[in-house]
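Shown next, in structure tokens, is the structure this report addresses.
A, B, ... follow the sequence lines: proteins, then strands. Residue 1 opens every chain.
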Number of protein chains: 2
Amino acid sequence: MASAESPRRDPALILDLFWGTTPPPRRGPRGGLTVARVVAAAVEIADAEGLEAVSMRRVAEALGVTTMSLYRYVPGKDELCELMLDHAAVPPGTDDWPVAWRPRLERYAHELHGTYLAHSWMLDVPVSGPPIGPNSLGWMEVALETLDRTGLGEADIFRALTVLTGYIRYDAGIVHALTRAEPRTGVAPEEWGHVYGQMLGRVIDDGRFPTLARIAGSDVFAQQASVEEDFAWGLEFILDGVAAMVAERGAVGRDRATPGEEA
Amino acid sequence: MASAESPRRDPALILDLFWGTTPPPRRGPRGGLTVARVVAAAVEIADAEGLEAVSMRRVAEALGVTTMSLYRYVPGKDELCELMLDHAAVPPGTDDWPVAWRPRLERYAHELHGTYLAHSWMLDVPVSGPPIGPNSLGWMEVALETLDRTGLGEADIFRALTVLTGYIRYDAGIVHALTRAEPRTGVAPEEWGHVYGQMLGRVIDDGRFPTLARIAGSDVFAQQASVEEDFAWGLEFILDGVAAMVAERGAVGRDRATPGEEA
DNA sequence: AAAAACCGTGTACGACGTACACTCGGTGTA
DNA sequence: TACACCGAGTGTACGTCGTACACGGTTTTT
């Protein structure tokens with residue numbers, strides 16, 4: 001079952017890291033550092049200068065400590081990055097959010113999208129699995145709680161959640177890439193439609209991409225919209241899908257849907 | 001307009017790299033290498049040992065050349081990685097594909113999903129913008145051509161395409177992360193549902209995640225499915241959304257939809 | 001024949017992640 | 001109270017990475 005070859009990081013230990021549930025040491029001096037302080041320092045650097053500026057030396061320097069001392073609190077840089085993700089993704093308060101599932105989910109999507117863009121280095125951290133940290137799960141809770149208001153069954157909820165999450169992340173990733181490329185290209189993300197259409201036009205003159213050529217020749221790329229509007233369009237598509245599912249299942253208004261019974 | 005501070009890589013030059021449209025040199029010895037050979041060697045390494053095994057030295061060694069000679073053909077490692085992406089993403093032949101848009105799009109999604117998983121290092125390459133290489137555009141052409149069969153307008157087509165692409169990539173990314181973690185955790189991607197549910201149960205005993213706790217307690221995570229089936233579920237959600245859009249617009253069967261006219 | 005353009009080489013630098021052996025201060029037990 | 005020990009933080013070192021730079025050698029144009 002459990003492979004014995006793992007050199008470091010038992011998945012149970014890494015869970016402790018995320019939740020701070022490591023039992024305190026019983027002897028020796030109390031350390032001046034904590035996992036939280038290390039992670040916070042790393043996040044600060046990433047927010048200011050991007051993920052590539054985060055190195056173990058740099059984080060240690062910011063804390064006034066030697067590089068190697070960080071390894072007392074974090075198994076390695078990969079784990080540090082995962083912890084950074086959870087640390088930066090503080091879930092939003094939902095007190096003033098709409099109550100109905102659709103505007104509420106819309107709000108959720110924009111909020112998460114905005115969080116990604118506010119800490120866009122998050123999009124550079126390779127995903128290492130489903131969320132397990134308290135903050136990430138906090139986001140998940142909000143999404144699930146909202147989707148639960150549709151009355152859909154758990155399976156449907158998760159399908160929608162996956163699609164939605166994927167879209168949010170993907171779109172934010174594109175925006176981030178374009179934003180990062182701006183100093184090199186001199187093209188703002190909003191202008192990318194134009195430029196992209198022109199690039200395509202210059203390059204696909206042979207007959208290999210007929211549909212693409214036709215569409216690139218149309219004005220789809222030309223109509224400049226804000227990043228947020230572009231995002232909202234795809235989002236509406238997904239929300240429509242959820243609504244359709246709700247209508248089909250006849251779900252909203254029913255009690256807790258008990259999956260498995262009834263067609 | 002154009003920022004003068006770019007140390008290297010004019011976006012026009014990088015386009016030439018992708019399309020091999022650099023005019024041949026007019027003097028000097030003909031080089032034994034080509035961009036294509038360099039990229040191919042890098043892809044071969046990545047396919048065999050993952051993206052982290054791809055270093056300039058390693059690629060050069062595989063080609064029997066010095067490290068620095070690669071820089072005659074490629075501006076740097078980042079650009080090499082982008083080129084690798086396009087090189088590896090060979091678009092599929094569609095001769096034996098279904099004709100109707102829905103099964104055809106389904107086929108497309110599974111094919112792309114499979115390509116990502118077959119060269120899973122592709123998911124480790126940070127996205128640098130919309131597709132511009134010939135192969136990437138080949139995929140895009142297939143998707144657009146298929147979506148065009150719905151009769152939807154260009155804007156709707158692109159909304160659907162973005163959501164679909166995001167989902168495919170996101171799901172593949174998760175599977176890849178779990179697969180890569182398997183040697184460490186001893187948990188196969190298919191078993192992750194179980195384990196994840198248990199992890200959540202262990203960690204969220206307080207009242208902060210009521211919905212999550214309830215759903216984690218249900219059997220959603222428990223019902224083991226293959227990776228491909230899991231993917232298909234979310235995919236159906238998206239295809240349903242497209243179908244709903246088609247029904248609403250009354251699009252299929254009409255001539256080329258002319259956007260802007262008619263409600 | 002001379003000059004220009006270009007390919008590939010060799011060396012070198014700074015930065016990275018982290019393994020390892022160590023010192024020293026604080027704490028629980030004898 | 002004495003002491004043994006555990007653990008926090010240090011210092012050094014190794015191997016690897018991307019790539020800047022100056023240089024010979026080869027091919028083509030003038």
Side-chain angles (χ1 to χ4, degrees), chain A residues 6-9 13 16-17 22-39 41-42 45-46 49-84 121 124-126 128, chain B residues 6-9 13 16-17 22-39 41-42 45-46 49-84 121 124-126 128:
Chain A
S6 72
R8 73 173 187 212
R9 75 160 166 178
L13 288 193
D16 283 337
L17 271 181
T22 312
R26 311 162 20 82
R27 285 238 248 287
R30 269 175 20 276
L33 258 48
T34 54
V35 178
R37 280 192 63 205
V38 171
V39 174
I45 295 173
E49 305 175 44
L51 189 65
E52 72 216 352
V54 175
S55 72
M56 299 304 270
R57 288 175 227 264
R58 191 93 158 58
V59 174
E61 185 192 8
L63 290 166
V65 187
T66 322
T67 308
M68 289 311 292
S69 64
L70 302 184
Y71 288 89
R72 292 266 168 212
Y73 300 88
V74 161
K77 198 195 180 181
D78 293 351
E79 294 80 0
L80 174 57
C81 287
E82 292 177 35
L83 291 168
M84 287 171 65
W121 53 266
D124 297 325
V125 178
S128 65
Chain B
S6 72
R8 71 173 189 214
R9 73 162 167 178
L13 288 194
D16 284 337
L17 270 182
T22 312
R26 312 163 18 82
R27 284 233 247 291
R30 268 178 17 282
L33 259 46
T34 54
V35 179
R37 280 192 62 207
V38 171
V39 174
I45 296 173
E49 306 175 43
L51 188 65
E52 71 216 349
V54 176
S55 72
M56 300 303 270
R57 290 174 226 263
R58 190 94 158 58
V59 174
E61 185 192 8
L63 290 165
V65 190
T66 323
T67 307
M68 290 311 292
S69 63
L70 301 184
Y71 288 88
R72 293 266 170 214
Y73 300 89
V74 161
K77 199 196 178 180
D78 293 351
E79 293 80 359
L80 174 57
C81 287
E82 293 178 34
L83 291 168
M84 288 171 65
W121 53 267
D124 296 326
V125 178
S128 64

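Atom CD in A:Glu79 sits roughly 12 Å away from atom C1' in C:dT18 (whole-Å rounding). Here the P atom of nucleotide D:dG18 and the CG atom of B:Leu80 are 10 Å apart, to the nearest Å. Atom OH in B:Tyr71 sits about 17 Å away from atom C1' in C:dC7, given to the nearest Å. Here D:dT10 presents its C1' atom at 14 Å from CG of A:Leu33, a figure rounded to the nearest Å. Rounded to a whole Å, the CZ atom of B:Arg27 is 5 Å from the P atom of C:dA5.
Between B:Leu51 and B:Cys81, the closest heavy-atom pair is CD1-SG, 4.3 Å.
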Could you write out each protein N or O paired with an N or O of nucleotides 22-26 of chain D at a distance under 3.5 Å?
none

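The shortest distance between the side-chain N/O atoms of A:Tyr73 and the OP1/OP2 oxygens of D:dG9 is below 4.0 Å.
If B:Thr67 and B:Pro24 are placed on DNA chain C by their nearest nucleotide, the residue sitting closer to the 5' end is B:Pro24.
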TODO: Indicate for each nucleotide in nucleotides 10-16 of chain C, in 5' to 3' sequence, whether protein heavy atoms under 4.0 Å reach the base (B), only the sugar-phosphate (S), or nothing (-).
DONE: B-----B
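Checked against side chain to side chain contact (heavy atoms under 4.5 Å, CB included), A:Thr34 has the following partners two or more places apart in sequence or in another chain: A:Ala36, A:Arg37. Residues that satisfy the side chain to side chain contact (heavy atoms under 4.5 Å, CB included) test with A:Val65, not counting sequence neighbours, are A:Leu33, A:Leu63, A:Ser69. For B:Glu49, the side chain to side chain contact (heavy atoms under 4.5 Å, CB included) test picks out B:Ala53, B:Arg58, with sequence neighbours left out. By the side chain to side chain contact (heavy atoms under 4.5 Å, CB included) test, A:Ala42 pairs with A:Val54, A:Val59, A:Leu80, A:Met84, sequence neighbours left out.
Taken from CD1 in A:Ile45 to CD in A:Glu61, the straight-line distance is 8.0 Å, to the nearest 0.5 Å.
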TODO: Tell me, with the steps shown, if B:Met56 and B:Tyr71 meet side chain to side chain contact (heavy atoms under 4.5 Å, CB included).
DONE: CA-CA 9 Å; B:Met56 300 303 270; B:Tyr71 288 88; 3.6 Å; yes
TODO: Take B:Leu17 and B:Leu13 through the test side chain to side chain contact (heavy atoms under 4.5 Å, CB included) and record every step on the way to the result.
DONE: CA-CA 6 Å; B:Leu17 270 182; B:Leu13 288 194; over 6 Å; no
